[in-house]
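Let me begin by presenting the structure, written as C-alpha cells, before commenting on it.
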Amino acid sequence: LFPEVREGVVVITAFDRGGRAATSHRIEVPDLPATIAALRLIGRGEMPSGASSVRTFAAPPLSTRRIDDLLEIRIGAVTGDAGFFLLTESERKTWGLPRSALRPTLSRSRQLTTASIGVREWSELREQGDRVWLFRPIGRDLKHPAVRAYLKHGEEGGCNLSAYKVSRRDLWHRTPLPARVDGFMSGMSKRLPFLVLSKMDGLIASNTLYVIRFKGRATAAEKASLGVLLLTSSVRAELAKHARIYADGLWKFEPTDLGAVRVPVVQARADAGQVLRHATSLLMAGRDVDASAVADAWVAALTGATQLSATPTGEVGRAHGLAG
C-alpha cells in the first residue's frame, strides 16, 4: 500500500462519525493480502480473528440550550375570582350563557394527561364536569340577556370585585388573556413537568397552569421533539434539581426555574409526535423510568446526525437545536 514507508503501517477505518460511542480495535496482519482480506471483513461489518479491543471511547457530550432560549413560559389567565369566572358546562347551561361569551380553558394540572390536547380531549373534560369555561364576554355578547344577568350576579356579590386583579381592570369582567398558546405545563404537581401541546384553536389556561409559546415559528415536529427532550433522563434529573419540594409531595416550579433547565441540541424528526405520545402515555401510567428510556433511545438514534449548534438569531428549530 505504501512502498516508500519502511516502518509498520497503521490503517484506520472509521464508521458512524459522531456516533454515541466508539471502540478501538487492534488488528495485526502479516502481509498485504491479509490486510486486504481484513479490510474486506471490516467492510462487511465483521471482525477478523485475533482482533483485540483496546478501549472504548466515551461519547462526546451533546450541545445543550436553556429552555427559556426556546420558549416563553408564563402564568395562565389570572381571573381574580375563579369561583365566578371559571364555569363547568352545567353551570354555563344553568345560566344560559352563550358559548361565544366564554373561552375554552384548562384549569387543573390533573387535566394534563396526554401529549396534546385538542377538541376531543377538551370535550371529554367538559362532559365529565370539569371547569373548562372562562367567562369573558365582549362585543355584542354583553347585550345578551343571560350575560347581563350573570354580570349583575357578579356585581351583587357573586364576584369579589375588591380582589386586587379584578379591581385593577378597566372592565372588571375582562380577564387579560395570554398571547398565542402552543402548549401547557404544570408548575405544581406530584410529578415533574412535561409538555402538553395545544391542538385546539383558542384554548387557554387559568393561572393554575403555565402557558407555553415557542419563540419564533416552529413546526409540529420541532414542538414534539422538544416535548420528547423534556422526558429524557438527563433533563428529568436536572428538573429535579430545580424543584421546590413541599411537605405533601408537590413539586413546585417557577417559570424561571423551568427556563434555566438545559435540553440537548438534536435534529428534529418527523416521528417525534408518535414518540412523544408513547412516552407520555407511559409517564401517565406511572412508568416514569420507561418513559425516559423511550425518550433516551430516540435521542440516541439522532446523535449520528450532524448536530447544529445554536445560532445567535434565536429562531426556533435552528435556534433551539432542533435543526431542520
Side-chain angles (χ1 to χ4, degrees), residues 1-65 70 219-238 262-279 282 289-313 315-324:
L1 292 179
F2 310 102
E4 72 279 5
V5 178
R6 302 298 181 185
E7 295 80 12
V9 175
V10 176
V11 177
I12 298 175
T13 58
F15 303 93
D16 190 25
R17 181 171 182 238
R20 190 171 181 81
T23 302
S24 174
H25 295 281
R26 179 180 176 84
I27 304 167
E28 293 188 7
V29 292
D31 50 33
L32 180 58
T35 301
I36 295 173
L39 291 174
R40 284 175 174 168
L41 284 172
I42 294 172
R44 295 200 299 265
E46 303 175 23
M47 191 58 59
S49 60
S52 59
S53 177
V54 178
R55 72 184 181 92
T56 300
F57 296 94
L62 291 174
S63 300
T64 61
R65 295 210 67 181
L70 322 175
T219 66
E222 288 169 340
K223 293 177 182 179
S225 293
L226 183 59
V228 175
L229 294 177
L230 289 173
L231 294 176
T232 58
S233 56
S234 60
V235 174
R236 305 304 274 174
E238 189 175 352
R262 303 187 75 89
V263 296
V265 175
V266 300
Q267 179 88 19
R269 206 166 68 179
D271 66 346
Q274 179 182 352
V275 174
L276 180 60
R277 287 191 294 273
H278 179 41
L282 292 172
V289 174
D290 292 335
S292 289
V294 169
D296 288 346
W298 183 81
V299 172
L302 298 177
T303 56
T306 302
Q307 296 172 11
L308 300 185
S309 59
T311 61
T313 58
E315 183 168 353
V316 165
R318 288 80 190 163
H320 72 356
L322 301 180

Looking at [X] and [Y], what are the two nearest heavy atoms and their distance?
| X | Y | result |
| --- | --- | --- |
| S233 | D296 | OG-OD2, 2.7 Å |
| A221 | R269 | CB-O, 3.7 Å |
| V235 | P264 | CG2-CD, 3.8 Å |

Sequence neighbours excluded, which residues qualify as side-chain contact (heavy atoms from CB on, under 4.5 Å) partners of Q274? R277
Pair I42, I27 - check side chain to side chain contact (heavy atoms under 4.5 Å, CB included), show working. CA-CA 11 Å; I42 294 172; I27 304 167; 3.8 Å; yes
Can you tell me how far [atom2] of [Y] sits from [atom1] of [X], rounded to the nearest 0.5 angstrom?
| X | Y | atom1 | atom2 | result |
| --- | --- | --- | --- | --- |
| L230 | S225 | CG | OG | 11.0 Å |
| L231 | R236 | CG | CZ | 5.5 Å |
| E222 | L70 | CD | CG | 10.5 Å |
| R262 | S234 | CZ | OG | 12.0 Å |

Would you check if L282 and S292 make a side-chain contact, meaning some heavy-atom pair closer than 4.5 Å? no
pair W298-V294: side-chain heavy atoms closer than 4.5 Å: no
When you measure from the side chain of T232 to the backbone N and O of L229, does any donor-acceptor pair fall under 3.5 Å? yes
